[in-house]
2 protein chains.
Amino acid sequence: MKTSEKILKVAADEFARIGYDGLSMNSLVEKLEINKATVYYHFKDKKALYKEVIKHEMKKNNDNVKTIFKENKDPENLFKSYINAHILSIKKNPNIVQIALREIANFGADVDEEIIPYIEEDINFLKLVLDDLNLKEKYKQMNLFSIFSLIQGTIKTFYAIQMSDLPIGLEEGLKKDSEKSLNHIAEFISNILLDAIVEK
Amino acid sequence: MKTSEKILKVAADEFARIGYDGLSMNSLVEKLEINKATVYYHFKDKKALYKEVIKHEMKKNNDNVKTIFKENKDPENLFKSYINAHILSIKKNPNIVQIALREIANFGADVDEEIIPYIEEDINFLKLVLDDLNLKEKYKQMNLFSIFSLIQGTIKTFYAIQMSDLPIGLEEGLKKDSEKSLNHIAEFISNILLDAIVEK
DNA sequence: GTCTATAATGTGATAGAC
DNA sequence: GTCTATCACATTATAGAC
(Lines give C-alpha, C1' and ligand atoms only; values in the text may rest on other atoms or scores of the structure.)
Protein backbone atom coordinates (compact mmCIF):
# COMPACT_ATOMS: atom_id res chain seq x y z
CA MET A 1 0.00 0.00 0.00
CA LYS A 2 1.33 3.37 -1.03
CA THR A 3 2.12 5.92 1.66
CA SER A 4 -0.43 8.38 0.34
CA GLU A 5 -3.09 5.67 0.57
CA LYS A 6 -2.08 4.85 4.13
CA ILE A 7 -2.33 8.50 5.07
CA LEU A 8 -5.75 8.78 3.47
CA LYS A 9 -6.99 5.69 5.26
CA VAL A 10 -5.84 6.66 8.75
CA ALA A 11 -6.88 10.27 8.19
CA ALA A 12 -10.38 9.07 7.24
CA ASP A 13 -10.66 7.03 10.44
CA GLU A 14 -9.41 9.87 12.60
CA PHE A 15 -11.38 12.67 10.93
CA ALA A 16 -14.49 10.48 11.25
CA ARG A 17 -13.74 9.87 14.92
CA ILE A 18 -12.95 13.39 16.11
CA GLY A 19 -13.58 15.76 13.22
CA TYR A 20 -11.42 18.19 11.28
CA ASP A 21 -10.50 20.56 14.09
CA GLY A 22 -10.29 17.75 16.61
CA LEU A 23 -7.48 16.00 14.76
CA SER A 24 -3.99 17.48 14.86
CA MET A 25 -1.36 16.70 12.27
CA ASN A 26 0.92 15.67 15.15
CA SER A 27 -1.42 12.98 16.42
CA LEU A 28 -2.17 11.87 12.86
CA VAL A 29 1.49 11.17 12.08
CA GLU A 30 1.87 9.53 15.48
CA LYS A 31 -0.84 7.03 14.52
CA LEU A 32 0.72 6.60 11.09
CA GLU A 33 4.22 6.21 12.52
CA ILE A 34 5.63 8.43 9.81
CA ASN A 35 7.08 11.91 9.85
CA LYS A 36 4.91 14.99 9.62
CA ALA A 37 6.89 16.38 6.69
CA THR A 38 6.00 13.23 4.75
CA VAL A 39 2.31 14.06 4.99
CA TYR A 40 3.06 17.56 3.72
CA TYR A 41 4.98 16.04 0.84
CA HIS A 42 1.85 14.12 -0.25
CA PHE A 43 -0.81 16.70 0.63
CA LYS A 44 -0.64 20.47 0.29
CA ASP A 45 -2.05 21.20 3.73
CA LYS A 46 -4.47 19.89 6.36
CA LYS A 47 -7.51 21.24 4.54
CA ALA A 48 -6.49 19.59 1.28
CA LEU A 49 -6.05 16.27 3.07
CA TYR A 50 -9.48 16.63 4.67
CA LYS A 51 -11.19 17.49 1.40
CA GLU A 52 -9.48 14.52 -0.20
CA VAL A 53 -10.81 12.31 2.60
CA ILE A 54 -14.36 13.58 2.10
CA LYS A 55 -14.15 13.08 -1.65
CA HIS A 56 -12.73 9.59 -1.19
CA GLU A 57 -15.36 8.56 1.36
CA MET A 58 -18.21 9.91 -0.73
CA LYS A 59 -16.87 8.13 -3.81
CA LYS A 60 -16.60 4.83 -1.94
CA ASN A 61 -20.16 5.28 -0.73
CA ASN A 62 -21.32 6.05 -4.25
CA ASP A 63 -19.51 3.02 -5.66
CA ASN A 64 -20.97 0.75 -3.00
CA VAL A 65 -24.50 1.96 -3.64
CA LYS A 66 -24.09 1.56 -7.39
CA THR A 67 -22.64 -1.95 -7.13
CA ILE A 68 -25.35 -3.30 -4.87
CA PHE A 69 -28.25 -1.59 -6.49
CA LYS A 70 -28.44 -2.99 -10.01
CA GLU A 71 -30.46 -6.18 -10.10
CA ASN A 72 -33.84 -6.33 -11.79
CA LYS A 73 -36.60 -6.55 -9.27
CA ASP A 74 -40.26 -5.75 -8.84
CA PRO A 75 -40.76 -2.10 -7.85
CA GLU A 76 -41.21 -2.63 -4.11
CA ASN A 77 -38.17 -4.88 -3.84
CA LEU A 78 -36.20 -2.42 -5.93
CA PHE A 79 -37.07 0.23 -3.37
CA LYS A 80 -35.98 -2.02 -0.52
CA SER A 81 -32.84 -2.76 -2.47
CA TYR A 82 -32.13 0.97 -2.73
CA ILE A 83 -32.40 1.35 1.05
CA ASN A 84 -30.31 -1.76 1.64
CA ALA A 85 -27.61 -0.51 -0.70
CA HIS A 86 -27.05 2.42 1.65
CA ILE A 87 -27.14 0.16 4.67
CA LEU A 88 -24.54 -2.20 3.20
CA SER A 89 -22.38 0.74 2.25
CA ILE A 90 -22.36 1.89 5.89
CA LYS A 91 -21.52 -1.64 7.05
CA LYS A 92 -18.51 -1.63 4.72
CA ASN A 93 -17.49 1.89 5.63
CA PRO A 94 -19.02 3.31 8.81
CA ASN A 95 -16.82 6.43 8.60
CA ILE A 96 -19.25 7.92 6.12
CA VAL A 97 -21.86 8.36 8.86
CA GLN A 98 -19.81 10.59 11.13
CA ILE A 99 -18.16 12.48 8.31
CA ALA A 100 -21.48 13.18 6.59
CA LEU A 101 -23.22 14.22 9.82
CA ARG A 102 -20.45 16.69 10.62
CA GLU A 103 -20.45 18.12 7.11
CA ILE A 104 -24.23 18.54 7.29
CA ALA A 105 -23.87 20.24 10.68
CA ASN A 106 -21.24 22.45 9.07
CA PHE A 107 -23.59 23.50 6.29
CA GLY A 108 -21.28 21.81 3.79
CA ALA A 109 -18.48 24.35 4.20
CA ASP A 110 -15.76 21.86 3.21
CA VAL A 111 -17.71 19.95 0.60
CA ASP A 112 -16.04 20.36 -2.80
CA GLU A 113 -18.05 20.84 -5.97
CA GLU A 114 -16.58 17.59 -7.24
CA ILE A 115 -18.62 15.50 -4.86
CA ILE A 116 -21.99 17.05 -5.74
CA PRO A 117 -22.43 14.65 -8.70
CA TYR A 118 -22.22 11.69 -6.30
CA ILE A 119 -25.13 13.05 -4.30
CA GLU A 120 -27.06 13.98 -7.41
CA GLU A 121 -26.58 10.49 -8.80
CA ASP A 122 -27.94 9.02 -5.59
CA ILE A 123 -31.00 11.27 -5.75
CA ASN A 124 -31.49 10.26 -9.37
CA PHE A 125 -31.41 6.58 -8.40
CA LEU A 126 -34.09 7.37 -5.87
CA LYS A 127 -36.16 9.08 -8.52
CA LEU A 128 -35.95 6.04 -10.80
CA VAL A 129 -37.00 3.75 -7.97
CA LEU A 130 -39.93 5.95 -7.01
CA ASP A 131 -41.09 6.29 -10.62
CA ASP A 132 -41.53 2.51 -10.79
CA LEU A 133 -43.80 2.46 -7.76
CA ASN A 134 -47.55 2.85 -8.03
CA LEU A 135 -47.66 6.06 -6.02
CA LYS A 136 -50.71 7.56 -4.37
CA GLU A 137 -51.89 10.66 -6.18
CA LYS A 138 -50.72 13.05 -3.44
CA TYR A 139 -47.17 11.68 -3.61
CA LYS A 140 -46.74 11.89 -7.38
CA GLN A 141 -45.40 15.44 -7.18
CA MET A 142 -43.42 14.75 -4.01
CA ASN A 143 -40.27 16.78 -3.34
CA LEU A 144 -37.45 14.29 -3.97
CA PHE A 145 -35.09 15.94 -1.59
CA SER A 146 -37.49 15.56 1.32
CA ILE A 147 -37.59 11.81 0.96
CA PHE A 148 -33.85 11.71 0.39
CA SER A 149 -33.34 13.62 3.66
CA LEU A 150 -35.72 11.28 5.41
CA ILE A 151 -33.78 8.21 4.32
CA GLN A 152 -30.30 9.64 4.96
CA GLY A 153 -31.16 11.53 8.13
CA THR A 154 -33.03 8.66 9.71
CA ILE A 155 -30.41 6.02 9.00
CA LYS A 156 -27.47 8.15 10.17
CA THR A 157 -29.19 9.52 13.27
CA PHE A 158 -30.46 6.12 14.35
CA TYR A 159 -27.15 4.39 13.70
CA ALA A 160 -24.99 7.00 15.43
CA ILE A 161 -27.13 7.11 18.56
CA GLN A 162 -27.27 3.32 18.70
CA MET A 163 -23.47 3.25 18.51
CA SER A 164 -23.15 5.86 21.27
CA ASP A 165 -22.93 5.32 25.02
CA LEU A 166 -26.08 7.39 25.53
CA PRO A 167 -28.75 5.39 27.35
CA ILE A 168 -31.25 5.99 24.55
CA GLY A 169 -32.66 3.41 22.15
CA LEU A 170 -32.11 0.50 24.50
CA GLU A 171 -35.44 -1.22 23.88
CA GLU A 172 -34.70 -4.02 21.48
CA GLY A 173 -31.20 -5.25 22.13
CA LEU A 174 -29.87 -3.25 19.21
CA LYS A 175 -27.65 -0.97 21.30
CA LYS A 176 -24.05 -0.97 20.10
CA ASP A 177 -24.84 -3.73 17.60
CA SER A 178 -24.01 -2.13 14.28
CA GLU A 179 -25.29 -4.99 12.14
CA LYS A 180 -28.63 -5.38 13.90
CA SER A 181 -29.23 -1.64 14.21
CA LEU A 182 -28.68 -1.09 10.52
CA ASN A 183 -30.87 -4.01 9.53
CA HIS A 184 -33.59 -2.80 11.84
CA ILE A 185 -33.65 0.78 10.61
CA ALA A 186 -33.56 -0.36 6.97
CA GLU A 187 -36.67 -2.44 7.45
CA PHE A 188 -38.36 0.30 9.43
CA ILE A 189 -37.81 2.93 6.74
CA SER A 190 -38.82 0.58 3.94
CA ASN A 191 -42.07 -0.29 5.69
CA ILE A 192 -42.95 3.27 6.62
CA LEU A 193 -42.28 4.69 3.21
CA LEU A 194 -43.93 1.93 1.19
CA ASP A 195 -46.96 1.97 3.47
CA ALA A 196 -47.17 5.74 3.19
CA ILE A 197 -46.72 6.44 -0.50
CA VAL A 198 -47.76 3.32 -2.46
CA GLU A 199 -51.36 2.88 -3.61
CA LYS A 200 -52.58 -0.49 -2.36
CA MET B 1 -27.99 40.72 31.13
CA LYS B 2 -25.43 39.06 33.38
CA THR B 3 -21.95 38.46 32.03
CA SER B 4 -22.25 34.69 32.43
CA GLU B 5 -25.46 34.79 30.35
CA LYS B 6 -23.78 36.85 27.65
CA ILE B 7 -20.93 34.36 27.53
CA LEU B 8 -23.35 31.46 27.28
CA LYS B 9 -25.29 33.12 24.50
CA VAL B 10 -22.34 34.03 22.30
CA ALA B 11 -20.67 30.68 23.03
CA ALA B 12 -23.84 28.90 21.90
CA ASP B 13 -23.87 30.79 18.61
CA GLU B 14 -20.19 30.18 17.99
CA PHE B 15 -20.13 26.51 19.04
CA ALA B 16 -23.16 25.97 16.79
CA ARG B 17 -21.43 27.70 13.91
CA ILE B 18 -18.00 26.07 14.03
CA GLY B 19 -18.08 23.37 16.68
CA TYR B 20 -16.16 22.77 19.89
CA ASP B 21 -12.67 22.37 18.46
CA GLY B 22 -13.31 25.01 15.83
CA LEU B 23 -13.90 27.75 18.37
CA SER B 24 -10.95 29.15 20.32
CA MET B 25 -11.33 30.94 23.63
CA ASN B 26 -9.42 33.85 22.05
CA SER B 27 -11.93 34.36 19.26
CA LEU B 28 -14.80 33.86 21.69
CA VAL B 29 -13.68 36.69 23.98
CA GLU B 30 -12.96 38.83 20.93
CA LYS B 31 -16.62 38.48 19.90
CA LEU B 32 -17.72 39.08 23.48
CA GLU B 33 -15.41 42.08 23.90
CA ILE B 34 -14.43 40.92 27.34
CA ASN B 35 -11.21 39.52 28.75
CA LYS B 36 -10.36 35.86 28.54
CA ALA B 37 -9.74 35.58 32.27
CA THR B 38 -13.32 36.74 32.83
CA VAL B 39 -14.62 33.68 31.02
CA TYR B 40 -12.42 31.49 33.20
CA TYR B 41 -13.83 33.23 36.25
CA HIS B 42 -17.36 32.17 35.25
CA PHE B 43 -16.58 28.74 33.77
CA LYS B 44 -14.03 26.20 34.92
CA ASP B 45 -12.62 25.49 31.47
CA LYS B 46 -13.59 25.30 27.81
CA LYS B 47 -15.19 21.87 28.18
CA ALA B 48 -17.35 23.00 31.10
CA LEU B 49 -18.53 25.98 29.08
CA TYR B 50 -19.37 23.73 26.15
CA LYS B 51 -21.26 21.25 28.28
CA GLU B 52 -23.17 24.14 29.84
CA VAL B 53 -24.07 25.35 26.34
CA ILE B 54 -25.34 21.92 25.32
CA LYS B 55 -27.38 21.60 28.50
CA HIS B 56 -28.79 25.08 28.05
CA GLU B 57 -29.70 24.54 24.41
CA MET B 58 -31.31 21.18 25.11
CA LYS B 59 -33.29 22.68 27.96
CA LYS B 60 -34.52 25.55 25.80
CA ASN B 61 -35.56 23.05 23.16
CA ASN B 62 -37.36 20.97 25.74
CA ASP B 63 -39.13 24.02 27.17
CA ASN B 64 -40.21 25.16 23.72
CA VAL B 65 -41.60 21.76 22.83
CA LYS B 66 -43.46 21.52 26.14
CA THR B 67 -44.95 25.01 25.86
CA ILE B 68 -46.28 24.59 22.37
CA PHE B 69 -47.47 21.05 22.71
CA LYS B 70 -50.17 21.11 25.33
CA GLU B 71 -53.54 21.86 23.76
CA ASN B 72 -56.27 19.28 23.54
CA LYS B 73 -56.74 18.07 20.03
CA ASP B 74 -57.95 15.10 18.07
CA PRO B 75 -55.23 12.45 17.75
CA GLU B 76 -54.05 13.31 14.23
CA ASN B 77 -53.82 17.01 14.98
CA LEU B 78 -52.06 16.23 18.21
CA PHE B 79 -49.47 14.34 16.20
CA LYS B 80 -49.07 17.27 13.81
CA SER B 81 -48.80 19.52 16.83
CA TYR B 82 -45.97 17.36 18.19
CA ILE B 83 -44.04 17.74 14.92
CA ASN B 84 -44.77 21.45 14.76
CA ALA B 85 -43.59 21.96 18.31
CA HIS B 86 -40.12 20.81 17.21
CA ILE B 87 -40.28 22.97 14.11
CA LEU B 88 -41.21 26.06 16.10
CA SER B 89 -38.47 25.31 18.58
CA ILE B 90 -35.92 25.32 15.75
CA LYS B 91 -37.33 28.58 14.41
CA LYS B 92 -36.82 30.15 17.83
CA ASN B 93 -33.42 28.62 18.32
CA PRO B 94 -31.71 27.26 15.18
CA ASN B 95 -28.49 26.58 17.08
CA ILE B 96 -29.96 23.34 18.33
CA VAL B 97 -29.75 21.83 14.85
CA GLN B 98 -26.03 22.19 14.37
CA ILE B 99 -25.18 21.40 17.97
CA ALA B 100 -27.31 18.26 17.99
CA LEU B 101 -25.99 17.04 14.62
CA ARG B 102 -22.39 17.42 15.81
CA GLU B 103 -23.11 15.68 19.09
CA ILE B 104 -24.76 12.82 17.21
CA ALA B 105 -21.77 12.62 14.87
CA ASN B 106 -19.61 12.56 17.97
CA PHE B 107 -21.49 9.61 19.44
CA GLY B 108 -22.60 11.84 22.32
CA ALA B 109 -19.13 12.09 23.86
CA ASP B 110 -19.86 15.47 25.49
CA VAL B 111 -23.49 14.87 26.36
CA ASP B 112 -23.95 15.01 30.13
CA GLU B 113 -26.22 12.61 31.96
CA GLU B 114 -28.28 15.59 33.05
CA ILE B 115 -29.67 16.17 29.60
CA ILE B 116 -30.86 12.58 29.06
CA PRO B 117 -34.17 13.29 30.85
CA TYR B 118 -34.95 16.00 28.29
CA ILE B 119 -34.62 13.50 25.48
CA GLU B 120 -36.53 10.85 27.38
CA GLU B 121 -39.34 13.29 28.05
CA ASP B 122 -39.54 14.07 24.36
CA ILE B 123 -39.72 10.38 23.50
CA ASN B 124 -42.44 9.95 26.14
CA PHE B 125 -44.47 12.75 24.56
CA LEU B 126 -44.14 10.91 21.29
CA LYS B 127 -45.37 7.73 22.93
CA LEU B 128 -48.45 9.48 24.31
CA VAL B 129 -49.23 10.95 20.91
CA LEU B 130 -48.84 7.62 19.15
CA ASP B 131 -50.96 5.82 21.73
CA ASP B 132 -53.88 8.08 20.87
CA LEU B 133 -53.71 7.21 17.19
CA ASN B 134 -55.60 4.29 15.71
CA LEU B 135 -52.47 2.43 14.63
CA LYS B 136 -52.29 -0.35 12.10
CA GLU B 137 -51.66 -3.70 13.73
CA LYS B 138 -48.06 -3.95 12.46
CA TYR B 139 -47.16 -0.60 14.01
CA LYS B 140 -48.60 -1.25 17.46
CA GLN B 141 -45.32 -2.73 18.71
CA MET B 142 -43.21 -0.23 16.81
CA ASN B 143 -39.78 0.69 18.18
CA LEU B 144 -40.28 4.21 19.53
CA PHE B 145 -36.70 5.23 19.01
CA SER B 146 -36.88 4.44 15.29
CA ILE B 147 -39.69 6.89 14.75
CA PHE B 148 -38.00 9.42 17.02
CA SER B 149 -34.84 9.15 14.90
CA LEU B 150 -36.90 9.51 11.76
CA ILE B 151 -38.49 12.74 12.96
CA GLN B 152 -35.32 14.28 14.40
CA GLY B 153 -32.95 13.06 11.69
CA THR B 154 -35.19 14.10 8.83
CA ILE B 155 -35.93 17.59 10.13
CA LYS B 156 -32.32 18.39 11.00
CA THR B 157 -30.81 16.92 7.84
CA PHE B 158 -33.31 18.63 5.57
CA TYR B 159 -33.02 21.97 7.34
CA ALA B 160 -29.23 22.01 7.48
CA ILE B 161 -28.80 21.14 3.81
CA GLN B 162 -31.42 23.68 2.79
CA MET B 163 -29.51 26.32 4.77
CA SER B 164 -26.21 25.31 3.15
CA ASP B 165 -24.66 26.66 -0.06
CA LEU B 166 -24.69 23.17 -1.55
CA PRO B 167 -26.63 23.11 -4.83
CA ILE B 168 -28.92 20.37 -3.51
CA GLY B 169 -32.61 20.67 -2.71
CA LEU B 170 -33.18 23.57 -5.08
CA GLU B 171 -36.48 22.34 -6.51
CA GLU B 172 -39.17 24.27 -4.71
CA GLY B 173 -37.82 27.68 -3.84
CA LEU B 174 -37.11 26.57 -0.28
CA LYS B 175 -33.36 26.98 -0.49
CA LYS B 176 -31.97 29.22 2.25
CA ASP B 177 -35.49 30.02 3.40
CA SER B 178 -35.54 28.77 6.97
CA GLU B 179 -39.24 29.41 7.54
CA LYS B 180 -40.47 27.76 4.35
CA SER B 181 -38.07 24.82 4.61
CA LEU B 182 -39.16 24.01 8.14
CA ASN B 183 -42.85 24.31 7.30
CA HIS B 184 -42.36 22.10 4.28
CA ILE B 185 -40.53 19.31 6.06
CA ALA B 186 -43.02 19.38 8.96
CA GLU B 187 -45.90 18.77 6.61
CA PHE B 188 -43.98 16.14 4.70
CA ILE B 189 -43.16 14.14 7.82
CA SER B 190 -46.66 14.45 9.23
CA ASN B 191 -48.19 13.20 6.00
CA ILE B 192 -45.76 10.33 5.54
CA LEU B 193 -46.07 9.06 9.08
CA LEU B 194 -49.83 9.40 9.41
CA ASP B 195 -50.35 7.76 6.01
CA ALA B 196 -48.01 4.94 6.96
CA ILE B 197 -49.03 3.99 10.46
CA VAL B 198 -52.69 5.02 10.96
CA GLU B 199 -55.51 2.57 10.14
CA LYS B 200 -57.88 4.35 7.77
C1' DG C 1 -15.69 40.60 38.80
C1' DT C 2 -12.67 42.20 35.44
C1' DC C 3 -8.42 43.20 33.94
C1' DT C 4 -2.93 42.76 32.26
C1' DA C 5 0.61 39.84 31.65
C1' DT C 6 2.52 35.64 30.96
C1' DA C 7 3.37 30.74 31.32
C1' DA C 8 3.51 26.23 29.14
C1' DT C 9 2.39 23.68 25.50
C1' DG C 10 0.58 22.51 20.95
C1' DT C 11 -0.27 23.93 16.25
C1' DG C 12 0.29 23.99 11.05
C1' DA C 13 3.86 24.26 8.18
C1' DT C 14 8.70 24.30 5.91
C1' DA C 15 13.87 24.37 4.90
C1' DG C 16 17.24 21.39 3.90
C1' DA C 17 20.01 16.91 4.69
C1' DC C 18 19.98 12.30 3.05
C1' DG D 1 10.26 10.20 -0.58
C1' DT D 2 11.34 10.44 4.04
C1' DC D 3 13.59 12.35 7.60
C1' DT D 4 15.48 16.01 11.56
C1' DA D 5 15.15 20.34 13.19
C1' DT D 6 12.92 24.34 13.70
C1' DC D 7 9.89 28.49 12.99
C1' DA D 8 6.22 31.59 13.98
C1' DC D 9 2.25 31.70 16.04
C1' DA D 10 -2.14 30.09 18.50
C1' DT D 11 -3.75 27.55 22.14
C1' DT D 12 -5.69 26.71 27.00
C1' DA D 13 -5.15 28.38 31.26
C1' DT D 14 -3.70 31.09 35.47
C1' DA D 15 -1.35 34.35 38.87
C1' DG D 16 -2.00 38.56 40.73
C1' DA D 17 -3.18 43.73 40.41
C1' DC D 18 -7.15 46.60 40.74
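Remember, it's a predicted structure, so these values are computed and weren't measured experimentally. Labels below follow one simple rule: chain letters A, B, ... track the order of the sequence lines, proteins then strands, and each chain is numbered from 1. These numbers come from the heavy atoms of this one structure, side chains and all, not from hydrogens, waters or symmetry mates.
- Side-chain contact of A/N77 with A/D74: a donor-acceptor pair under 3.5 Å is present, judged by distance alone.
- Listed by residue number, there are no residues of residues 9-27 of chain B with a heavy-atom contact under 4.0 Å to DNA chain C.
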CA sep, side-chain torsions, deciding dist, call: B/H86, B/D122, side chain to side chain donor-acceptor pair (under 3.5 Å): CA-CA 10 Å; B/H86 287 89; B/D122 197 337; 2.6 Å; yes
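- Residues A/S81 and A/K73 bring a donor and an acceptor atom of their side chains to less than 3.5 Å of each other.
- Using a 4.0 Å cut-off between charged side-chain N and carboxylate O, B/K138 and A/E187 make no salt bridge.
- Checked against the 6.0 Å centroid threshold, B/F125 and B/Y82 do not count as a close aromatic pair.
- Close approach of DNA chain C to chain A, defined as any atom under 4.0 Å from a non-hydrogen atom of the protein, starts and stops at C/dT11 to C/dA15.
- The residues A/E172 and A/K180 are annotated as not salt-bridged, no charged nitrogen and carboxylate oxygen being separated by less than 4.0 angstrom.
- In this structure, a donor-acceptor pair under 3.5 Å is present between the side chains of B/S146 and A/H184.
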Check against side chain to side chain donor-acceptor pair (under 3.5 Å), B/D195 and A/Y139: CA-CA 11 Å; B/D195 286 344; A/Y139 288 112; 2.7 Å; yes
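- Applying a 4.0 Å cut-off to non-hydrogen atoms, the residues of residues 38-47 of chain B that approach DNA chain C are B/T38, B/Y41, B/H42, listed by residue number.
- Salt bridge absent: A/R17 and A/D13 never bring a charged side-chain N and a carboxylate O closer than 4.0 Å.
- Between B/E52 and B/K9 there is no salt bridge, since no side-chain nitrogen of the basic residue lies less than 4.0 Å from a carboxylate oxygen of the acidic one.
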